[in-house]
Amino acid sequence: MHTGAVIALTDAKFLEPETRSGFFVDAVMKKVWAKDLEMLEVVDEICQRHNITWFADGGTLLGAVRHKGFIPWDDDIDIQMMREDYDRFITICQTELPKEYFLQWTGSEKNFQPWHAKLRDNRTTGTTKFETECFPEWHRGIFIDIFPLDNVPDSKIYYRFHMARLKFLQLILLSNETRRAPSAKKVTKMLSKALWFISERFTTHEKLAMKYLKIVKSVNRDTKKVGVTAFKPGCKKYEWRRALFEKTVELPFENVFVTVPENFDERLKVQYGADYMVFKKGGEQHTKVHFDPDNAVQQCSREAAAHGDNVVTFSP
């Protein structure tokens with residue numbers, strides 16, 4: 001990747017507020033974007049040293065194709081790696097990741113879910129109200145999301161069985177979150193508490209997470225499709241032909257280049273539909289996020305994060 005991420009943090013023009021595609025991007029979000037690009041450069045440097053390939057994902061891929069940069073109402077960077085590379089990346093980061101950053105995954109943060117990993121900037125704040133209220137001990141800096149691509153069963157019968165097992169375990173794992181959430185609906189919270197109360201008689205979150213990953217990885221031969229099965233089991237729009245990831249190109253993204261499938265058109269149509277080039281702002285990509293790109297979460301006001309000050313919500 002040809003990067004200019006460090007320049008973004010000191011480039012006054014890049015950090016200036018501006019209107020993009022009719023959407024106003026303020027100075028705070030511009031700093032968040034700069035931090036995202038800086039973290040992407042860190043990821044890319046590690047990947048280049050160890051021959052690991054990553055791909056722009058989700059809103060980042062869509063942004064590269066449609067905007068040549070961030071979608072104006074997006075707030076982070078999403079990337080993907082094949083499962084083997086993803087697991088190697090996690091192992092390597094334990095010794096090679098600069099101290100300013102933290103790789104958040106189910107093996108490094110208690111009660112963190114096994115769907116994917118987040119690279120966090122420890123010098124900043126990027127936290128949801130849910131994280132602040134339920135898991136204040138977590139690292140909660142500005143982040144980029146890293147998703148593993150897993151084998152998707154070819155057999156229809158095995159596919160249904162595999163995804164059913166994952167969905168059942170995911171429901172239990174999510175109950176450990178929902179039972180803590182002050183904003184959860186009363187009935188939902190009550191059911192989640194009951195489900196988790198029964199589950200923790202026999203196991204722990206950590207053991208369930210490891211079991212979940214073992215099942216995700218159990219499709220251990222090359223299949224026709226890969227997908228973010230750990231994150232969205234059984235969701236067709238997150239499954240793609242393996243061949244799509246065999247040939248790649250680089251596309252400009254702000255002041256860097258990102259790696260994308262050569263046939264990015266098919267890749268995007270699966271996830272967003274044939275009209276992916278049409279702007280569709282609305283809804284939320286993430287839960288409301290409180291950002292402070294200048295202060296670590298310990299220095300940021302917990303009350304500000306909990307009450308949603310300087311909150312932004314975006315979608316692709």
Side-chain angles (χ1 to χ4, degrees), residues 43 78-97 99 101-122 126-141 143-151 161-184 188-220 227-235 238 286-287 297-298:
V43 170
D78 302 309
I79 65 173
Q80 296 174 319
M81 298 175 185
M82 291 296 179
R83 169 61 71 175
E84 296 80 4
D85 282 343
Y86 175 87
D87 286 346
R88 279 205 302 132
F89 179 79
I90 285 178
T91 300
I92 291 164
C93 281
Q94 293 176 31
T95 56
E96 295 191 18
L97 191 66
K99 63 181 181 179
Y101 305 100
F102 180 79
L103 187 67
Q104 188 176 45
W105 65 289
T106 195
S108 68
E109 196 89 271
K110 185 177 174 61
N111 290 314
F112 193 75
Q113 300 290 15
W115 334 135
H116 69 306
K118 287 179 180 285
L119 182 63
R120 299 272 193 173
D121 187 326
N122 293 326
T127 183
T128 65
K129 181 179 179 180
F130 169 78
E131 290 172 338
T132 301
E133 293 180 341
C134 302
F135 298 104
E137 71 279 7
W138 279 3
H139 291 75
R140 291 179 287 124
F143 56 88
I144 65 174
D145 288 323
I146 307 170
F147 295 90
L149 285 164
D150 288 292
N151 297 333
F161 173 69
H162 182 69
M163 299 305 173
R165 294 172 74 194
L166 291 175
K167 287 179 181 180
F168 175 70
L169 282 180
Q170 191 175 67
L171 178 65
I172 298 174
L173 286 164
L174 285 171
S175 72
N176 187 31
E177 289 187 355
T178 308
R179 70 188 180 94
R180 304 166 185 260
S183 58
T188 303
K189 190 170 183 178
M190 181 178 65
L191 291 173
S192 295
K193 284 183 176 181
L195 180 57
W196 187 252
F197 176 80
I198 297 170
S199 300
E200 69 177 349
R201 304 280 79 78
F202 306 98
T203 187
T204 64
H205 183 277
E206 288 68 32
K207 289 180 179 178
L208 271 176
M210 291 301 107
K211 175 68 173 177
Y212 187 86
L213 288 176
K214 184 177 180 180
I215 294 173
V216 168
K217 298 179 187 182
S218 65
V219 187
N220 55 13
V228 285
T229 308
F231 181 58
K232 292 285 187 180
C235 185
Y238 292 106
H286 297 110
T287 309
V297 70
Q298 293 85 357

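FYI, side chains are in, hydrogens and waters are out, and symmetry mates aren't considered; it's all heavy atoms of this structure.
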Legend entry - Side-chain heavy atoms of Thr132 within contact of Lys129, under 4.5 Å: no

Legend entry - Test side-chain contact (heavy atoms from CB on, under 4.5 Å) applied to His205 and Ser199, step by step: CA-CA 9 Å; His205 183 277; Ser199 300; over 6 Å; no

Legend entry - Non-neighbouring partners of Phe135 that pass ring-ring contact (aromatic ring centres under 6.0 Å, His included), sequence neighbours left out: Phe130, Trp138

Legend entry - Sidechain-backbone polar pair: Ser108 side chain, Leu103 backbone, donor-acceptor under 3.5 Å: yes

Legend entry - Partner residues of Lys193 under the side-chain contact (heavy atoms from CB on, under 4.5 Å) criterion, sequence neighbours left out: Arg179, Lys189

Inset, instruction - Heavy atoms only: give me the nearest Cys134-Pro182 pair and the separation to one decimal. - result: SG-CD, 3.9 Å

Inset, instruction - Could you tell me the separation between the CD atom of Glu137 and the CZ atom of Arg140, rounded to the nearest 0.5 Å? - result: 8.5 Å

Legend entry - Residues which pass ring-ring contact (aromatic ring centres under 6.0 Å, His included) with Phe102, listed by chain and number, not counting sequence neighbours: His139

Inset, instruction - Go through the structure and list residues passing side-chain contact (heavy atoms from CB on, under 4.5 Å) with Lys99, not counting sequence neighbours. - result: none

Legend entry - Close side-chain approach of Asp121 to Tyr101, heavy-atom, < 4.5 Å: yes

Legend entry - With Gln104 via side-chain hydrogen bond (donor to acceptor under 3.5 Å, both in side chains) - residues at least two apart: Glu109, Arg120

Legend entry - Value rounded to 0.5 Å, distance of CG in Asp150 from OG in Ser218: 9.5 Å

Inset, instruction - Please answer whether the main-chain N or O of Leu174 pairs with a side-chain N or O of Thr178 as donor and acceptor at a distance below 3.5 Å. - result: yes

Legend entry - Summary of salt bridge (charged side-chain N to carboxylate O under 4.0 Å, His left out) pairs that have at least one residue in residues 200-209, sequence neighbours excluded: Lys110-Glu206

Inset, instruction - Of all the heavy-atom pairs spanning Tyr86 and Ala117, show the shortest one and how long it is. - result: OH-N, 3.2 Å

Legend entry - Set of residues satisfying side-chain hydrogen bond (donor to acceptor under 3.5 Å, both in side chains) with respect to Gln170, sequence neighbours excluded: Tyr212

Inset, instruction - Applying side-chain hydrogen bond (donor to acceptor under 3.5 Å, both in side chains), name anything that partners Tyr238, two or more places apart in sequence or on another chain. - result: none

Inset, instruction - Just jot down the side-chain contact (heavy atoms from CB on, under 4.5 Å) partners of Lys211, sequence neighbours excluded, or say none. - result: Arg165, Leu169, Ile215

Inset, instruction - Determine, step by step, whether Thr106 and Gln113 satisfy the side-chain contact (heavy atoms from CB on, under 4.5 Å) criterion, reporting the C-alpha distance in whole Å, the side-chain angles of both residues, the deciding distance to 0.1 Å, and the verdict. - result: CA-CA 5 Å; Thr106 195; Gln113 300 290 15; over 6 Å; no

Legend entry - Minimum side-chain heavy-atom gap Ile146-Met81 below 4.5 Å: yes

Inset, instruction - Report yes if some heavy atom in the side chain of Val297 is under 4.5 Å from a heavy atom in the side chain of Glu131; otherwise report no. - result: no

Inset, instruction - To the nearest 0.5 Å, tell me how far Ile144 CD1 sits from Ile79 CD1. - result: 5.0 Å

Legend entry - Val219 vs His162, side-chain contact (heavy atoms from CB on, under 4.5 Å): CA-CA, chis, key distance, verdict: CA-CA 9 Å; Val219 187; His162 182 69; 3.6 Å; yes

Inset, instruction - For the pair Leu173 and Trp115, evaluate side-chain contact (heavy atoms from CB on, under 4.5 Å) and give the outcome as yes or no after the intermediate values. - result: CA-CA 11 Å; Leu173 286 164; Trp115 334 135; 3.9 Å; yes

Legend entry - Heavy-atom check, side chain of Phe89 versus side chain of Val43, under 4.5 Å: yes

Legend entry - Non-hydrogen atoms of Ala230 and Pro233 that approach each other most closely: O-CD, 4.3 Å

Legend entry - Pairwise side-chain contact, Arg180 with Asn111, heavy-atom cut-off 4.5 Å (strictly under): yes

Legend entry - CG on Leu97 to CD1 on Ile90, rounded to 0.5 Å: 11.5 Å

Legend entry - Closest non-hydrogen atom pair, Thr203 against Leu208: CG2-CG, 3.6 Å

Inset, instruction - Could you tell me which residues satisfy ring-ring contact (aromatic ring centres under 6.0 Å, His included) with Phe147, sequence neighbours excluded, listed by chain and number? - result: His116, Phe231

Legend entry - Results of side-chain contact (heavy atoms from CB on, under 4.5 Å) for Glu84 - residues two or more places apart only: Met82

Inset, instruction - Flag the pair Leu149 / Val228 as yes when at least one side-chain heavy-atom distance between them is below 4.5 Å, and no otherwise. - result: yes

Legend entry - Rounded distance [0.5 Å steps], OG in Ser175 versus CG in Leu191: 10.5 Å

Inset, instruction - With sequence neighbours excluded, tell me which residues meet side-chain hydrogen bond (donor to acceptor under 3.5 Å, both in side chains) with Asn151. - result: Arg242

